[in-house]
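Below: one structure, written as structure tokens.
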Amino acid sequence: MAKNQKHRKITFYKNYFQDFFAKQNKKVKAKIVWTFDLVEDLQRVPETYLKHLENTDGLYEIRVQLGSDIFRIFCFFDQGQLVVLANGFQKKTQMTPKKEIEMALKIKAEYESEK
């Protein structure tokens with residue numbers, strides 16, 4: 001298999017993710033980009049970086065950690081190989097805030113209704 005062949009393609013939907021990304025500092029942005037490369041390149045992405053959210057209909061979170069800062073970027077698959085980014089946030093507690101999950105599900109529904 002060609003070394004540069006990607007297993008997935010990350011794509012943006014509207015400005016949800018970009019708005020979050022724009023607010024991050026250079027180091028965080030670099031780590032997010034590094035994590036995206038991993039998600040695109042690895043055939044099997046470890047749960048450390050990409051995890052299905054329980055009790056959601058196909059919602060995943062891309063997990064980014066930089067030092068003690070933890071970030072989550074919600075996403076979902078389209079046609080199996082396309083990872084569509086929804087919203088992102090900085091995680092401050094163990095539990096993922098319900099409003100962030102609801103927002104991501106709303107974005108996913110919006111995306112699917114526009115397809």
Side-chain angles (χ1 to χ4, degrees):
M1 187 190 284
K3 188 176 172 353
N4 60 359
Q5 185 179 347
K6 295 191 175 295
H7 291 283
R8 278 164 225 88
K9 167 102 182 77
I10 288 180
T11 182
F12 305 119
Y13 174 58
K14 298 196 171 163
N15 286 336
Y16 297 111
F17 169 73
Q18 285 97 319
D19 291 346
F20 160 77
F21 189 76
K23 296 184 193 121
Q24 306 311 317
N25 70 39
K26 222 158 99 178
K27 280 189 169 157
V28 172
K29 285 180 178 172
K31 185 68 186 254
I32 289 173
V33 170
W34 179 88
T35 308
F36 285 176
D37 285 343
L38 208 75
V39 169
E40 287 188 327
D41 295 344
L42 294 181
Q43 191 165 358
R44 291 183 62 89
V45 182
E47 272 201 356
T48 328
Y49 302 111
L50 181 67
K51 184 174 193 242
H52 179 256
L53 284 177
E54 286 175 27
N55 308 320
T56 66
D57 181 20
L59 198 61
Y60 288 76
E61 60 179 13
I62 294 175
R63 309 165 76 146
V64 179
Q65 187 160 356
L66 184 66
S68 60
D69 292 333
I70 298 171
F71 300 89
R72 294 288 185 260
I73 298 142
F74 291 117
C75 60
F76 46 90
F77 286 85
D78 185 11
Q79 300 157 341
Q81 298 305 306
L82 189 63
V83 181
V84 182
L85 299 179
N87 49 326
F89 69 100
Q90 182 166 1
K91 202 167 172 192
K92 308 270 192 201
T93 61
Q94 278 301 109
M95 288 294 294
T96 297
K98 207 165 176 53
K99 70 175 180 39
E100 296 290 350
I101 295 174
E102 284 163 4
M103 173 77 174
L105 289 168
K106 202 176 122 239
I107 294 168
K108 183 174 184 281
E110 190 182 332
Y111 174 85
E112 287 167 352
S113 73
E114 284 182 11
K115 269 179 59 178

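Between Phe12 and Phe17, the ring planes are parallel. Angles under 30° get that label, and only those over 60° would be called perpendicular.
Cluster membership for Leu42 and Ile10, using ILVMFWY side-chain heavy atoms within less than 4.5 angstrom, is shared. Linking ILVMFWY side-chain heavy atoms closer than 4.5 Å, directly or via other members, places Leu59 and Phe77 in two distinct hydrophobic clusters. Residues Ile107 and Val84 share a hydrophobic cluster, clusters being chains of Ile/Leu/Val/Met/Phe/Trp/Tyr side chains in contact below 4.5 Å. With hydrophobic clusters built from ILVMFWY side chains whose heavy atoms lie under 4.5 angstrom apart, Phe21 does not share a cluster with Phe89. In terms of hydrophobic clustering, with Ile, Leu, Val, Met, Phe, Trp and Tyr side chains grouped at heavy-atom distances under 4.5 Å, Leu82 and Leu85 are assigned to different clusters.
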Determine all donor-acceptor pairs shorter than 3.5 Å in which one atom belongs to a side chain in residues 61-68; sequence neighbours excluded.
residue	atom	partner	partner atom	Å
Glu61	OE2	Arg72	NE	3.3
Gln65	NE2	Gly67	O	3.3

What pairs of donor and acceptor atoms, side-chain ones from residues 108-115 against any protein atom, are under 3.5 angstrom apart with sequence neighbours left out?
residue	atom	partner	partner atom	Å
Lys108	NZ	Asp57	O	3.0
Lys108	NZ	Glu112	OE2	3.1
Glu110	OE1	Tyr16	OH	2.8
Glu110	OE2	Lys14	NZ	2.5
Glu110	OE2	Tyr16	OH	3.3
Tyr111	OH	Asp78	OD2	2.5
Ser113	OG	Ala109	O	3.4
Ser113	OG	Glu110	O	2.9
Glu114	OE1	Tyr13	OH	3.1
Glu114	OE2	Tyr13	OH	3.4
Glu114	OE2	Lys14	NZ	3.0
Lys115	NZ	Asp78	OD1	2.7

Quick one: side chains of residues 91-103, donor-acceptor pairs under 3.5 Å with protein atoms, not counting sequence neighbours, listed by atom name and distance.
residue	atom	partner	partner atom	Å
Lys91	NZ	Gln94	O	3.0
Thr93	OG1	Met95	O	2.9
Glu100	OE1	Asn87	ND2	3.1

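Looking only at side-chain heavy atoms (C-beta outward), Trp34 and Tyr49 come within less than 4.5 Å of each other. In this structure, Leu53 and Phe74 have side chains that are in contact, with non-hydrogen atoms separated by less than 4.5 Å.
With hydrogens and angles ignored, the 3.5 Å screen pairs a side-chain donor or acceptor of Asn25 with a backbone N or O of Val28. Counting only distance, with no hydrogens or angles, the side chain of Arg8 and the backbone of Leu38 share no donor-acceptor pair below 3.5 Å.
Between atom CZ of residue Phe36 and atom CG of residue Leu50 there is a gap of 10.5 Å, rounded to the nearest 0.5 Å. We find the CD1-CG distance between Ile32 and Asp37 to be 12.5 Å, quoted to the nearest 0.5 Å. The CZ atom of Phe71 sits 5.0 Å away from the CD atom of Gln24 when rounded to the nearest 0.5 Å.
No more than 12 heavy-atom neighbours from other residues, nucleotides or ligands sit within 6.0 angstrom of NZ on Lys27.
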